[in-house]
Amino acid sequence: MRATGVLSGRRGRVAAGLLSAWLVLTACSPQRPHRPAGAKRSAAAAATAPTPVGSAASAAASVAASASAAAPDVSRYYRQRLDWRPCREAASFRCTSVTVPLDYTRPERGDIRLAVVRHPATGPRAARLGSLLLNPGGPGVSAVDDVLSFADGFSPALRAAYDLVGVDPRGVGRSDPVDCGTGTSPAALEAEEDAVGPGSGYALIAGACARSAGRLLPHVGTPDAARDMDVVRALLGDDRLGFLGYSYGSYLGATYAELFPSRVGRMVLDGAVDPGMDAFRATLGMARGYQVAWEAFAADCVPRPGCPVGGSLRDAGRVLDDLVAELDEASREGDGRGVPATGDDLLTAVTSALATPAWGGLRSLLREVQAGDAATRRLLLGTDDAGGPGEQSLAAINCLSSALGPRSTDAQTRAAVPEFRRAAPQFGAYYAGFLPMCAHWPAQPTQVPHRVSARGAPPILVVGTTRDPATPYDQARALARQLSSGRLLTWDGDGHTAYQQGSRCVDTAVDDYFLHGRLPADGTVCR
């Protein structure tokens, strides 16, 4: 992987299904990672915790909170010894854990542990450049699993020069994950919304999370995860953080650069999130982005023999709408043999497929759904999957940032549906269903939308894809402009994120920056 209930008569799988869709659409599990030469040092030299340096003018309330959070003495976390052992999954990888404070403002309240994996550099020791931390996005996607799965996908030169490192952020994967213990099936959430109304499925999950994970929920936000990365950086023995962040990982990277600009190394942010955009506009932008991606898919499909969406762009929209309506009607009738597939399930599958740059799988999926019976459709669209810990982590992290987690009331959500439908006829109502996601969340946001300049940081390479549906290209342009040292690399292409997605031009430019510190020329567009 690179890696919503629905209103106005469309039957929703709501909460669990919508969170699952959001996780798929905003995550990028890249296939593959920075650290400048000469930046390696011993962990002992990093024993004193640095004070974050932020841009007070741009960071608003979040940076004020960050500054106060740095005041308590947390130096002991920078002095711990790491016990690296062969990973259970693969002996060529090394695994360990790192202790960090639950609350950086009150470290006496207790600790949490972060899971860390390292793929040691393969080249001669004298030629190694340090560590390259990878975050695959989400939030809620395990960086540990990603490195274990995809380390071999990086170029031989990168693997020779860098230790590839994955850290599961607090609340995610193997790092004290948010576990709301809901055990809530899609059918139960749907029944809740049918009985109480739109948004009540989210309220049900929020209440369960407050009961089961209430102590952790206020402390899984992005600034705390960025501070954790600085502890890991120091324990790895690096003066500066080498970092590759995809999708949400770009938001995490930008937050780190804001807090610790002097400790940024070679940083690449791919499929970038604009930290100055509020969650409502970001959700509307995602709806538009998937409409653009659908129309690009349709234009590519129509000339092909046996195209499952008809012979024109107008036909394609009608075919998708009709298939959504057919699934909704069939789900209302049911067959008593399992959770029926709905129109939302189809849209979740379609948007997931549109996030990849190759569309053969989407053509096949649409053909099979059109021809399949109820059981086949359930299997194809995964209707029996319940919301898992990854989805709960996503909600917990998103809802602590008002740039990521929408908090619209039910009335505001209903009022927004016409605007969403105008922006995205096939996907607007579906995405409007995300708007109440954080309205009932028990922990209040700790970050507000604001421009990030990271003044004093070395060059940061921002990569944007012109038809990226999940994080539209305008967001990459906005982040590159905000960063005082930002440089934009553009891929004129499709799918979510660009690096290692099929463009030799992009891959060469990113590798060249990681290995040699050479930025692509200003205005570079890869085609």
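When reading the values below, keep in mind they use all heavy atoms of this one structure, side chains included, and skip hydrogens, waters and symmetry mates.
Ser212 contributes no side-chain N or O that, together with a main-chain N or O of Asp179, makes up a donor-acceptor pair within less than 3.5 Å. Using a distance-only test at 3.5 Å, with no hydrogens or angles considered, no donor-acceptor pair links the side chain of Gln501 to the main chain of Pro357. Without hydrogens or angle criteria, Asp328 side chain to Gly343 main chain gives a donor-acceptor distance under 3.5 Å. In this structure, Thr413 contributes its side chain and Leu435 its backbone to no donor-acceptor pair below 3.5 Å. A side-chain donor-acceptor contact under 3.5 Å links Ser402 to the backbone of Gln447. Side chain of Thr497 to backbone of Asp270: no donor-acceptor contact under 3.5 angstrom is found. Without hydrogens or angle criteria, Asp168 side chain to Ala115 main chain gives no donor-acceptor distance under 3.5 Å. Without hydrogens or angle criteria, Asp345 side chain to Thr342 main chain gives a donor-acceptor distance under 3.5 Å. With Thr356 contributing its side chain and Ser352 its backbone, the two residues share no donor-acceptor pair below 3.5 Å. Side-chain atoms of Arg170 come within 3.5 Å of backbone N or O of Leu102 as a donor-acceptor pair.
Taking the charged nitrogens against the carboxylate oxygens, Arg215 and Asp176 have no contact shorter than 4.0 Å, which rules out a salt bridge. One finds no salt bridge joining Glu419 and Arg422 here, because no Lys/Arg side-chain nitrogen approaches an Asp/Glu carboxylate oxygen to under 4.0 Å. With salt bridges taken as basic N to acidic carboxylate O contacts below 4.0 Å, none links Arg227 and Asp230.
A distance of 13.0 Å separates OH of Tyr251 from CG of Leu269, quoted to the nearest 0.5 Å. Atom CZ of residue Arg455 and atom OG of residue Ser485 lie 9.5 Å apart, to the nearest 0.5 angstrom. Distance check, rounded to the nearest 0.5 Å: CZ of Arg377 to CD of Glu368 gives 12.0 Å. To the nearest 0.5 Å, the span separating CG on Leu380 from CG on Leu366 amounts to 10.5 Å. Here the NE2 atom belonging to His496 is positioned 4.5 Å from the OG1 atom belonging to Thr471, to the nearest 0.5 angstrom. Atom CG in Leu479 sits 10.0 Å away from atom CZ in Arg451 (nearest 0.5 Å).
Taking each heavy atom of Ala432 and Val417 in turn, the nearest pair found is CB-CG2, 3.9 Å. Heavy-atom minimum distance, Gln291 versus Pro425: OE1-N, 3.3 Å. Phe260 approaches Ala226 most closely through the heavy-atom pair CE1-O, 4.1 Å. Pairing each heavy atom of Ala213 with each of Val178, the nearest pair is CB-CG1, 4.3 Å. Between Cys209 and Trp441, the shortest heavy-atom contact is SG-CH2, 3.6 Å. Minimum heavy-atom separation, Ala279 to Thr283: O-OG1, 2.7 Å.
Between Met277 and Leu284 there is no side-chain heavy-atom pair separated by less than 4.5 Å. Between Val452 and Leu483 there is a side-chain heavy-atom pair separated by less than 4.5 Å. Counting only heavy atoms from C-beta outward, the side chains of Tyr248 and Thr222 approach each other to under 4.5 Å. Under the 4.5 Å side-chain criterion, counting only non-hydrogen atoms from C-beta, Gln370 is in contact with Pro308. Put simply, the side chain of Val220 does not reach to within 4.5 Å of the side chain of Asp224, judged on heavy atoms. Within the 4.5 Å cutoff, side-chain heavy atoms of Leu489 are placed close to those of Cys526. Side-chain atoms of Leu362 and Val350, non-hydrogen and from C-beta on, do get closer than 4.5 Å to each other. Contact check for Val268 versus Tyr499: no side-chain heavy atoms found under the 4.5 Å cut-off.
For the residue pair Asp228 and Tyr104, a side-chain donor N or O sits within less than 3.5 Å of a side-chain acceptor on the partner.
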Q: Show your reasoning for whether side-chain contact (heavy atoms from CB on, under 4.5 Å) applies to Leu252 and Tyr256.
A: CA-CA 6 Å; Leu252 177 60; Tyr256 181 91; 5.9 Å; no
Q. Does the pair Leu134 and Phe150 meet the rule for a side-chain contact (heavy atoms from CB on, under 4.5 Å), with working shown?
A. CA-CA 11 Å; Leu134 167 68; Phe150 298 118; over 6 Å; no
Q: Dump the intermediate steps for side-chain contact (heavy atoms from CB on, under 4.5 Å) on Val273 and Leu404, then the final yes or no.
A: CA-CA 9 Å; Val273 173; Leu404 301 177; 4.2 Å; yes
Q: Go through Trp359 and Leu354 one step at a time and tell me if the side-chain contact (heavy atoms from CB on, under 4.5 Å) criterion holds.
A: CA-CA 7 Å; Trp359 293 324; Leu354 289 173; 4.1 Å; yes
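Exactly one of Arg477, Arg281, Gln475, Gln482 qualifies for a side-chain hydrogen bond (donor to acceptor under 3.5 Å, both in side chains) with Asp274. That residue is Gln482. The only member of Thr490, Asp492, Thr465, Thr466 that meets side-chain hydrogen bond (donor to acceptor under 3.5 Å, both in side chains) when paired with Tyr473 is Thr490. Among Tyr430, Tyr290, Phe280, the single residue meeting the ring pair (Phe, Tyr, Trp, His ring centres under 6.0 Å) criterion with Phe420 is Phe280.
The disulfide bond (SG atoms under 2.5 Å apart) contacts involving residues 410-451 comprise Cys399-Cys438, where partners must be two or more places apart or lie in separate chains.
With sequence neighbours left out, Asp103 forms a side-chain contact (heavy atoms from CB on, under 4.5 Å) with Thr105, Arg106, Arg109, His219.
Remark: aromatic rings of Phe427 and Tyr431 are distant, center separation not under 6.0 Å.
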